[in-house]
Protein chains: 2
Amino acid sequence: MKTNKNTQRRQELVQIAARLFCDQGYETTTVRMLAEAMGIQSGSLFHHFKDKQEILFAVIDSGMQHAIAIAQRALQQAQTPQQKLFALAKAHLSTLLEDRDAHVVAIYEWRSLSVDSRARLVELRDAYEALWIEAMDEALAAQLITGDTALRRRLALGALNWTVQWYQPQGRLSPDDLAQALVAMVLNQTAVNQFY
Amino acid sequence: MKTNKNTQRRQELVQIAARLFCDQGYETTTVRMLAEAMGIQSGSLFHHFKDKQEILFAVIDSGMQHAIAIAQRALQQAQTPQQKLFALAKAHLSTLLEDRDAHVVAIYEWRSLSVDSRARLVELRDAYEALWIEAMDEALAAQLITGDTALRRRLALGALNWTVQWYQPQGRLSPDDLAQALVAMVLNQTAVNQFY
DNA sequence: GTCTATAACAAGATAGAC
DNA sequence: GTCTATCTTGTTATAGAC
């Protein structure tokens, strides 16, 4: 079983699968559709992936790895708790936008993963949320927020993830505006340009 | 085609379908599974519903009708803009909790609806959101909030809908606590017991 | 690494008896 | 309103040649 190699070809196929899964849903997308979009026959697909579910796993896994990397890089340039929360919100939004297919799939097709796959991805999700938990704790220590930081984090991540439902980056609201509004809401502040 | 009657039997079947669709997803749930849970044979199912998709529509339609009714009733006892927003948040949460199956299905299986079904349900969703828009506008007029009320509404509804992912009503956080925290966040206030 | 051909099975839906 | 029996189609996945 040499289907686990991270070849460039495989990454291309994963991108294509992400698009189809995002547009039509995992169950509705057949291996024949995937193969056609990839320019091969359906039988050839199973040279790259053990089964259909492994393609779904690869899509979500890749999206999450990417999200963690972007968030960590964004945090390196932030100093204060506000800056860190803003950096995380911005990073979250840009991953949702740049890697939208994979994240829509992660949100909607979680259930179709095998139990083992889910367990592996939960670890990644926990690693990602740990970045938020740390920033929220720092904000709490700096007395920028009070009370239940876990609740604030969940409300904030919920509001962020829900943006895939309505947010149009080409609209009047820039990703930065959106990130600022969110951080202001999380911090219970009304000022807007305090993050730089 | 007398499949459109709102018989009591049909309502029971819709409830059962909601549970299966919620637990396993629409596409993964077969008509045979549905029939078994309903205590009938798969052929008999098509006496009640034209096709599988009509069952999905009935589940989501019923959940949305219910949500609107609960929200309207909750608003009748509210006076101030704060009270109205709190009433809406509480109503939204109790619908999500009491009618959880249907709303999880509404969130996750929207894509599997026919174009016509979607259009009819969009009308219901708009009617529901109109209640929020009105309350937010009143909060704006009362200078409780400033800026982009549409953005605040979307962030709030996103945070609320995302609660299906993590909220456990039997945990330490009551639905009232959650609704209060949300309204406080929407209104950029830190005080907690100002709503009564 | 891709092809063709096909195995093996499950899906939604219908027909007609009761 | 429910049953049994079945049609028709589409699905994932495999085998073996190239």
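Reckoned from all heavy atoms, side chains included, excluding hydrogens, waters and symmetry mates. Note that the structure is predicted; figures quoted are calculated from it, not measured. Chain identifiers are assigned alphabetically (A, B, ...) following the order of the sequence lines, protein sequences preceding nucleic acid strands; residue numbering begins at 1 within each chain.
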Exercise for the section: Could you tell me how the ring of B/His92 sits relative to the ring of B/Tyr128: parallel (under 30°), tilted (30 to 60°) or perpendicular (over 60°)? Expected result: tilted
Handout entry: Rounded interatomic separation in angstrom, taking CG from A/Leu13 and C1' from C/dG1
Key = 11 Å
Problem - B/Phe46 CZ to C/dA11 P, straight-line distance once rounded to whole Å - result: 12 Å
Exercise for the section: Verify the contact: side-chain N or O of A/Gln41 to OP1 or OP2 of C/dT4, cut-off strictly under 4.0 Å; return yes or no. Expected result: yes
Handout entry: Protein-nucleotide distance (B/Gln53, atom CD; C/dA11, atom P), rounded to Å
Key = 19 Å
Handout entry: B/His48 side-chain proximity, nearest of D/dT2, C/dT2, C/dT4
Key = D/dT2
Practice task
Answer with yes or no whether B/Arg32 presents, from its side chain, a donor or acceptor under 3.5 Å of a partner atom in the base of C/dG12.
Solution key: yes
Problem - Nearest-nucleotide pick for A/Lys52, side chain only, options being D/dT12, C/dT14, C/dT2 - result: D/dT12
Fill in the blank from the handout: In whole angstroms, the gap separating P of C/dA10 from CE of B/Met33 amounts to 11 Å
Handout entry: Salt bridge B/Asp148-A/Arg172, side-chain N to carboxylate O under 4.0 Å
Key = yes
Exercise for the section: Rounded off to whole Å, could you give me the NE2-to-P distance for the A/His47 and D/dG16 pair? Expected result: 17 Å
Problem - Below 4.0 Å: OP1/OP2 of C/dT2 and any side-chain N or O of A/Arg9 - result: yes
Practice task
Assign B/Thr7 to base, sugar-phosphate, or nothing according to its heavy-atom contacts below 4.0 angstrom with the strands shown.
Solution key: nothing
Practice task
Mind calculating the distance between CG (B/Leu45) and P (C/dT14) to the nearest angstrom?
Solution key: 12 Å
Exercise for the section: Name the residue closer to the 5' end of DNA chain D, choosing between A/Thr28 and B/Gly39 according to the nucleotide with the nearest heavy atom. Expected result: B/Gly39
Exercise for the section: Would you please say whether a donor-acceptor pair under 3.5 Å links the side chains of B/Tyr108 and B/His103? Expected result: no
Exercise for the section: Ignoring hydrogens and angles, state whether a donor on the side chain of A/Glu27 or A/Ser112 is under 3.5 Å from an acceptor on the partner side chain. Expected result: yes
Completion exercise
When rounded to whole Å, the CD1 to C1' distance for the pair A/Ile40 and C/dG1 reads 9 Å
Exercise for the section: With A/Arg152 as the cation and A/Trp132 as the aromatic partner, state whether NZ or CZ is under 6.0 Å from the six-membered ring centre and within 45° of the axis. Expected result: no
Handout entry: Value in whole Å for how far the C1' atom of C/dA10 lies from CD of B/Glu27
Key = 14 Å
